[in-house]
Amino acid sequence: MYRIFFQLIFRRMDPEAAHHLAFGWIRSAARVPVLRTLLAALLAPRHKALRVEALGRRMHGPFGLAAGFDKNAVAVDGMTMLGFDHVEIGTVTAEPQPGNPKKRLFRLVGDRALINRMGFNNEGSAAVSARLAARNPVFRTTVGVNIGKTKAVPEEGAIADYVTSTERLAAHADYLVVNVSSPNTPGLRDLQAVGHLRPLLTAVREAADRTVPGRRVPLLVKIAPDLADEDVDAVADLALELGLDGIIATNTTIARDGLGLTSEPSLTKETGGLSGQPLKARSLEVLRRLYARVGDRITLIGVGGIESPDDAWERILAGATLVQGYSGFIYQGPFWCRALHRGLAQRLAASPYATLADAVGAEHRK
Ligand SMILES: Cc1cc2nc3c(=O)[nH]c(=O)nc-3n(C[C@H](O)[C@H](O)[C@H](O)COP(=O)(O)O)c2cc1C
């Protein structure tokens with residue numbers, strides 16, 4: 001059904017306009033109690049074996065919405081209604097900003113991929129903080145808050161900028177993510193170098209503890225798939241050294257490997273971050289490398305090119321406690337999350353593992 005709808009309607013529309021249309025529908029549906037309850041009952045994960053504890057939270061299932069879809073925290077209940085058990089909002093920057101000029105989002109349908117150079121368009125940390133504070137949550141979803149650098153702020157001001165966002169947002173976050181991996185903010189990915197990352201993460205940790213004294217807000221870092229292997233190892237070591245709670249692997253890539261089937265080859269030349277199916281192999285590789293280094297000492301979240309239950313299962317065996325997706329939702333539609341959770345429950349039942357937690361990183365123990 002969704003595939004036909006996608007071909008007839010969404011595919012003919014500008015991708016960003018289609019996003020806003022679908023987003024509007026989801027938000028509207030979530031405001032109608034009967035519809036919301038019905039859809040949530042139909043789509044929420046409810047297989048006991050999929051329950052998982054991560055980042056100090058009890059989750060109903062491992063699959064969540066990756067950052068970038070709900071940048072301003074306007075649709076947390078709507079996305080939960082569709083079965084995402086955690087929703088990562090953002091990237092939020094300290095100051096509001098419009099992002100890059102349009103067109104800035106491209107569909108590579110033949111490759112089931114997207115290229116985006118949105119550039120952190122968002123309402124800024126003060127507005128998002130006020131929205132989260134006023135939120136009357138219908139569902140007890142885990143809300144991750146992903147923060148990034150305001151574009152106009154020079155590199156010397158980066159730490160202060162992240163600290164401002166932390167001070168405004170940490171109290172509303174079930175977990176906080178320092179995003180240093182988007183390819184669309186000039187210089188941002190340089191912050192992944194350990195020399196920059198150590199003071200940044202230390203300052204964000206201190207700001208979170210200062211602002212939310214009664215609770216230790218879990219802190220994660222999100223990394224790019226384009227890091228060299230040695231740099232992935234260096235981030236893993238730093239995460240252990242600083243007592244970070246987790247790493248999210250990965251963001252979009254500036255590489256264009258694995259593309260080919262797309263109907264419009266000119267699109268592959270668009271600058272920006274590539275997501276979806278062509279990102280799968282490298283994201284998995286980075287995750288494997290991280291788990292080999294950190295084991296179960298910190299939580300790994302696998303994201304990048306996850307489309308099917310097999311993809312999600314593969315990430316779990318490779319070391320991910322939680323998994324996320326974005327591009328798959330565009331191509332597979334509103335029942336995607338349920339299909340993933342269902343399929344995962346089937347794979348778990350057919351496996352030698354009693355719980356999902358037993359399966360995390362299992363391929364490394366063979
Ligand atoms: C249009 C778009 C916008 C995105 N915006 C953000 C963002 O603001 N912050 C972030 O950390 N990741 C962002 N991402 C990256 C996703 O969170 C995810 O890491 C990436 O798309 C790989 O997952 P996927 O292959 O399932 O899409 C964005 C991705 C897309 C497609």
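In each ligand, atom 1 is the first atom listed, and ligand 1 is the first ligand listed. Fair warning: this is a prediction, and the values are worked out from it, not measured in the lab.
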Which residue in the set Arg107, Arg256, Arg117 passes salt bridge (Lys or Arg N to Asp or Glu O under 4.0 Å) when paired with Glu270? Arg117
Please check: side-chain N/O of Arg131 versus main-chain N/O of Ala127, any donor-acceptor pairing under 3.5 Å? no
Which one of Val303, Val323, Ile301, Val360 satisfies the side-chain contact (heavy atoms from CB on, under 4.5 Å) criterion with Arg315? Val323
If you count only heavy atoms, which residues are under 4.0 Å from ligand 1? Ala66, Ala67, Gly68, Lys71, Gly90, Thr91, Leu105, Leu114, Asn116, Phe120, Asn146, Asn179, Lys222, Thr250, Asn251, Thr252, Ser275, Gly276, Leu279, Val303, Gly304, Gly305, Gly325, Tyr326, Ser327
Does a salt bridge link Lys280 with Glu314, judged by any charged N lying under 4.0 Å from a carboxylate O? no
Full working for side-chain contact (heavy atoms from CB on, under 4.5 Å) between Met59 and Arg51: CA-CA 6 Å; Met59 317 251 191; Arg51 288 184 190 163; over 6 Å; no
Applying side-chain contact (heavy atoms from CB on, under 4.5 Å), name anything that partners His19, two or more places apart in sequence or on another chain. Phe23, Phe69, Tyr326
